[in-house]
Amino acid sequence: MPVTPYEDLLDYATSCVLPTPWAQFTLHAFIEHATGKEHLAMTLGDIGDGEPVLARVHSECLTGDVLFSQRCDCGAQLEGALQKIAAEGRGILLYLRQEGRGIGLVNKIRAYRLQEAGADTVEANLALGFHADARNYELCQPMFAQFGIKSVRLMTNNPRKIDAMEKMGVSVAERVPLLVNRNAFNNSYLNTKQAKLGHMMTPLHEVVAEDGEL
Ligand SMILES: Nc1nc2c(ncn2[C@@H]2O[C@H](COP(=O)(O)OP(=O)(O)OP(=O)(O)O)[C@@H](O)[C@H]2O)c(=O)[nH]1
Ligand SMILES: [Zn+2]
């Protein structure tokens, strides 16, 4: 019998050492039962000691995380989160395979194409028949439980992520902001996240000068 409603969602598969430019992490692989998707955790230090753990819940963004896209802040957030964990010598990053806020890579590229025609990131998702954010964070509960983690210091600007953790019984002891540099390509995307998705970021007027220069 599962102990929580989330326990049966995935299996722990295996782990290996993962050296990175910032620290030598341990990489853990999980397999989700419903989809067969392979989700990952990167861990560092003693994370099972009961103290709140510095944590990042990162949603897959192949274009930003791997292909250096400047359209979003994902790649810089991924790097920044790993650097912060390495600096503390302790923490965890969950890498969830919910590409494109849950709509998949091909649909995200369709959404980008609509954005090139003038839609913002939310309007594009809606025009394709999806919710603005189709993600589900329930896998995080058994992934954190695998390492004995009950409380996190969550690196995020997204209030819905914090709500989702708390609802599953993962206590968020602290929110750690994870802000990245704006550029000419991600500026309107970040503004829309702030205005329509509720992300907690620097007020727009402090960042965008009147002449539009960044
Ligand atoms: N559908 C869609 N998904 C996008 C777009 N840009 C980035 N993504 C996806 O959005 C997800 C990242 O979400 P964000 O809203 O940037 O960040 P977050 O994880 O919710 O919040 P933070 O914790 O503050 O970073 C990844 O899965 C990306 O692939 C876009 O324009 N459209
Ligand atoms: Zn991205």
Side-chain angles (χ1 to χ4, degrees), residues 32 35 37-40 42 54-85 91-140 143-144 152-167 170 172 174-203 207:
E32 184 181 356
T35 61
K37 281 189 180 177
E38 297 157 325
H39 303 277
L40 301 169
M42 289 172 72
L54 184 62
R56 168 73 180 159
V57 172
H58 194 85
S59 302
E60 178 176 13
C61 177
L62 188 107
T63 46
D65 297 341
V66 179
L67 302 179
F68 312 102
S69 170
Q70 299 289 293
R71 297 184 77 124
C72 59
D73 52 350
C74 303
Q77 284 186 315
L78 178 61
E79 188 171 332
L82 291 176
Q83 285 174 348
K84 279 179 195 273
I85 291 169
I92 183 168
L93 180 138
L94 302 186
Y95 194 88
L96 303 181
R97 311 300 298 279
Q98 33 187 4
E99 170 63 67
R101 272 191 241 118
I103 69 175
L105 181 57
V106 169
N107 284 321
K108 185 176 78 171
I109 294 170
R110 290 192 175 110
Y112 279 159
R113 198 173 168 84
L114 291 176
Q115 289 169 42
E116 286 163 15
D120 68 31
T121 181
V122 170
E123 291 164 349
N125 262 35
L126 299 178
L128 291 170
F130 298 107
H131 292 294
D133 191 339
R135 280 176 294 179
N136 179 332
Y137 297 101
E138 60 185 5
L139 296 179
C140 299
M143 291 176 87
F144 282 135
V152 292
R153 292 166 48 231
L154 194 64
M155 291 182 270
T156 186
N157 312 313
N158 184 347
R160 275 162 297 112
K161 243 184 221 179
I162 297 170
D163 290 349
M165 296 304 133
E166 297 276 5
K167 281 203 182 90
V170 177
V172 179
E174 181 190 345
R175 179 182 81 87
V176 179
L178 194 57
L179 300 169
V180 306
N181 288 337
R182 289 175 182 253
N183 62 46
F185 305 104
N186 70 17
N187 190 48
S188 65
Y189 169 73
L190 296 178
N191 285 350
T192 303
K193 288 215 300 191
Q194 186 175 359
K196 291 194 175 178
L197 295 172
H199 284 236
M200 297 169 276
M201 292 188 287
T202 318
V207 179

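This is a predicted model, so every value here is computed, not measured. We count ligands from 1, going down the list as the structure has it; atoms in each ligand are counted the same way.
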**Message:** For M200, state whether at least one heavy atom is located under 4.0 Å from any atom of ligand 1.
**Reply:** no
**Request:** Say whether, by atom type as modelled, one donor and one acceptor occur between the side chain of N157 and the main chain of H199 under 3.5 angstrom.
**Result:** no
**Message:** Considering non-hydrogen atoms of the protein only, which is the closest contact for atom 10 (O) of ligand 1, and what is the distance?
**Reply:** R101 CG, 3.4 Å
**Atom indices of ligand 1 within 4.0 angstrom of Q77 heavy atoms, with elements** = 22 (P), 24 (O), 25 (O)
**Asked** Should you measure from each heavy atom of N157, which atoms of ligand 1 turn up under 4.0 Å away?
**Response** 22 (P), 23 (O), 24 (O)
**Message:** Tell me the protein heavy atom at minimum distance from atom 30 (C) of ligand 1, and give that distance in Å.
**Reply:** T121 OG1, 3.2 Å
**Message:** Quick check on contacts: which atoms of ligand 1 are under 4.0 angstrom from a heavy atom of D73?
**Reply:** 16 (O)
**Item:** Main-chain N/O of T156 paired to R175 side chain as donor or acceptor, under 3.5 Å
**Value:** yes
**Prompt:** How about T63 and K108: does a side-chain donor come under 3.5 Å of a side-chain acceptor?
**Reply:** yes
**Asked** Any donor and acceptor pair, going by atom type alone, linking the side chain of D65 with main-chain N or O of C61 inside 3.5 Å?
**Response** yes
**Item:** Shortest protein heavy-atom distance from atom 26 (C) of ligand 1, along with the residue and atom involved
**Value:** E60 O, 3.3 Å
**Message:** Distance under 4.0 Å to a non-hydrogen atom of R56: what atoms of ligand 1 satisfy this?
**Reply:** 19 (O), 22 (P), 23 (O), 25 (O)
**Complete:** Short version for V57: what comes under 4.0 Å of ligand 1, heavy atoms counted, is neither
**Prompt:** Would you find a donor on one side and an acceptor on the other, under 3.5 Å apart, between the side chain of E174 and the backbone of V152?
**Reply:** no
**Taking atom 13 (O) of ligand 1 as the reference point, the nearest protein heavy atom with its distance** = R135 NH1, 3.4 Å
**Request:** Go through ligand 1 atom by atom and flag the ones less than 4.0 Å from a non-hydrogen atom of Y112.
**Result:** 6 (N), 30 (C), 31 (O)
**Asked** Is the shortest distance from a heavy atom of L178 to ligand 1 less than 4.0 Å?
**Response** no
**Request:** Give the residue and atom name of whichever protein heavy atom lies nearest to atom 14 (P) of ligand 1, and the separation in Å to one decimal.
**Result:** K193 NZ, 3.2 Å
**Request:** Taking H39 for its side chain and R97 for its backbone only, find out whether a donor-acceptor pair lies under 3.5 Å.
**Result:** yes
**Message:** Looking at R153 and V176, would you say the former's side chain and the latter's main chain have a donor-acceptor pair under 3.5 Å?
**Reply:** no
**Message:** I need the atoms of ligand 1 closer than 4.0 Å to a non-hydrogen atom of S59, numbered in the order shown.
**Reply:** 26 (C), 27 (O)
**Request:** Among all protein heavy atoms, pick the one closest to atom 1 (N) of ligand 1 and tell me residue, atom and distance.
**Result:** N125 OD1, 2.9 Å
**Prompt:** For Y189, does its backbone N or O pair with a side-chain atom of N186 as donor and acceptor, under 3.5 Å?
**Reply:** no
**Message:** Would H58 count as a contact residue for ligand 1, given that I'm defining contact as a non-hydrogen atom of the residue lying under 4.0 Å from a ligand atom?
**Reply:** no
**Residue portion contacting ligand 1 (non-hydrogen atoms closer than 4.0 Å) for K108** = side chain
**Item:** Distance-only N or O hit between ligand 1 and C72, under 3.5 Å
**Value:** no
**Residue and atom name of the nearest protein heavy atom (relative to atom 18 (P) of ligand 1), distance in Å to one decimal** = K161 NZ, 3.5 Å
**Message:** If we set the cut-off at 4.0 Å for heavy atoms, which region of L62 has an atom near ligand 1: side chain, backbone, both, or neither?
**Reply:** neither
**Prompt:** Are K193 and N191 close enough that some pair of their side-chain heavy atoms sits under 4.5 Å apart?
**Reply:** no
**Request:** Say whether, by atom type as modelled, one donor and one acceptor occur between the side chain of Q98 and the main chain of N136 under 3.5 angstrom.
**Result:** yes
**Ligand-residue contact atoms, ligand 1 with Q98, heavy atoms, under 4.0 Å** = 27 (O)
**Prompt:** So, do V122 and L126 sit near enough that their side-chain heavy atoms are less than 4.5 Å apart?
**Reply:** yes
**Request:** Report yes or no: does a heavy atom of Y189 sit under 4.0 Å from some atom of ligand 1?
**Result:** yes
**Axial cation check for Y112 ring with R71, 6.0 Å and 45° limits** = yes
**Prompt:** With no hydrogens and no angle check, is any side-chain donor or acceptor of R160 less than 3.5 Å from a backbone partner on L197?
**Reply:** yes
**Asked** Within a radius of less than 6.0 Å around CD of E38, do more than 12 heavy atoms belonging to other residues, nucleotides or ligands occur?
**Response** no
**Fill in**
atom 21 (O) of ligand 1: closest protein heavy atom, distance to 0.1 Å, is H199 CE1, 3.1 Å
**Request:** Output the list of atoms in ligand 1 that are nearer than 4.0 Å to some heavy atom of N158, sorted by atom number.
**Result:** 18 (P), 20 (O), 21 (O), 24 (O)
**Item:** Residue portion contacting ligand 1 (non-hydrogen atoms closer than 4.0 Å) for Q115
**Value:** side chain
**Request:** Could you tell me whether a side-chain N or O of E123 sits under 3.5 Å from a main-chain N or O of D120, the two making a donor and an acceptor?
**Result:** yes
